[in-house]
Amino acid sequence: MFIAQLSDTHVDTAQPHKAEALRRAVAFLTTLPRTPDAVLITGDCTEHGLPEEYETFQAALSPLTMPVYVVPGNHDDRAQMLARFPLPGEGLSGFLQYAVEDRPLRLIGLDTHWPGQGAGQLCAARLAWLDEVLAQAPERPTLLFMHHPPIQSGLQVMDAIGLRGRAELCEVVQRHPQVVRVLAGHVHMPLTAGFAHTTVMTCPGTDATFQPDWAQPHKLVIQYQPPLALLHHWQEGAGLVSFTAAPERAPWVTLHDGQRWAG
Ligand SMILES: [Fe+2]
């Protein structure tokens, strides 16, 4: 199974370059040598949660023929998203939180949206739902995806709007060894960190990446650049292997064709 992840597209009708960055990322996904089986978008789909922003967001995704699974970020509007993105599987009433069952890798989207707050939240109802749904299929390798990562980045601006309920989520995940990875967005940079028995990875934003400056952790530095995506390949035995992809680089050159190395 091959999964592409985009994040923090922040579509804003007043800033058309953000939708353009999303369109470029989508075009990149349609030209990959192997078509992804699914695309995950880990929140902050729009800047203000407005209907016209979601219309632009959905139009930008229209070239994608595979299922696209979304979760809300702090910039999103949960009601708008629930109205536009029907839950693809069993979900928690009132939240954009659901399990996708018909894939080799079970996908569970978590809703960390906390209305009016930049920080994220996993309340007791969302955590209990996750615990129960994970307990229903302990033998099935499972990927969690969410907007707010359950880690601290060491960057003060982002950690101030981090996830509330991290320790509680860690306890739930610890009980379920079939969780192979936790994917998130929010921090606009590719971070990797340990979490419970597994690993958290965050996806850069399609439009811009924050550069961690741990020497000055009160600062937040941004770099506008071509869109970035994460590509995740799942194979029984090999597990989940992830790659940070930049669509607009030099052309790909075949180094080994499966038989021999290129000269
Ligand atoms: Fe964001």
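Numbering of ligands and ligand atoms starts at 1, following listing order. Just so it is clear, the structure is predicted and the values come from calculations on it, not from any experiment.
- Residue side and main chain included, His188 places an N/O/S atom under 2.8 Å of the Fe ion (ligand 1).
- Classified by interplanar angle (parallel below 30°, tilted 30° to 60°, perpendicular above 60°), the ring pair His186/His147 is perpendicular.
- Ring planes of Phe85 and Phe57: perpendicular class, angle over 60° (limits at 30 and 60°).
- Between Asp44 atom OD2 and Asp8 atom OD2, the angle centred on the Fe ion (ligand 1) amounts to 90° (nearest 10°).
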### Task
Give the C-alpha distance, both sets of side-chain angles, the deciding distance and a yes or no for salt bridge (charged side-chain N to carboxylate O under 4.0 Å, His left out) between Arg103 and Asp37.
CA-CA 9 Å; Arg103 301 306 183 98; Asp37 300 297; 5.4 Å; no
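- The distance from the Fe ion (ligand 1) to the nearest N/O/S atom of His147 is not under 2.8 Å.
- Here the options are Gln58, His48, His10, Gln80, the test is side chain to side chain donor-acceptor pair (under 3.5 Å), and the partner is Glu53; only His48 passes.
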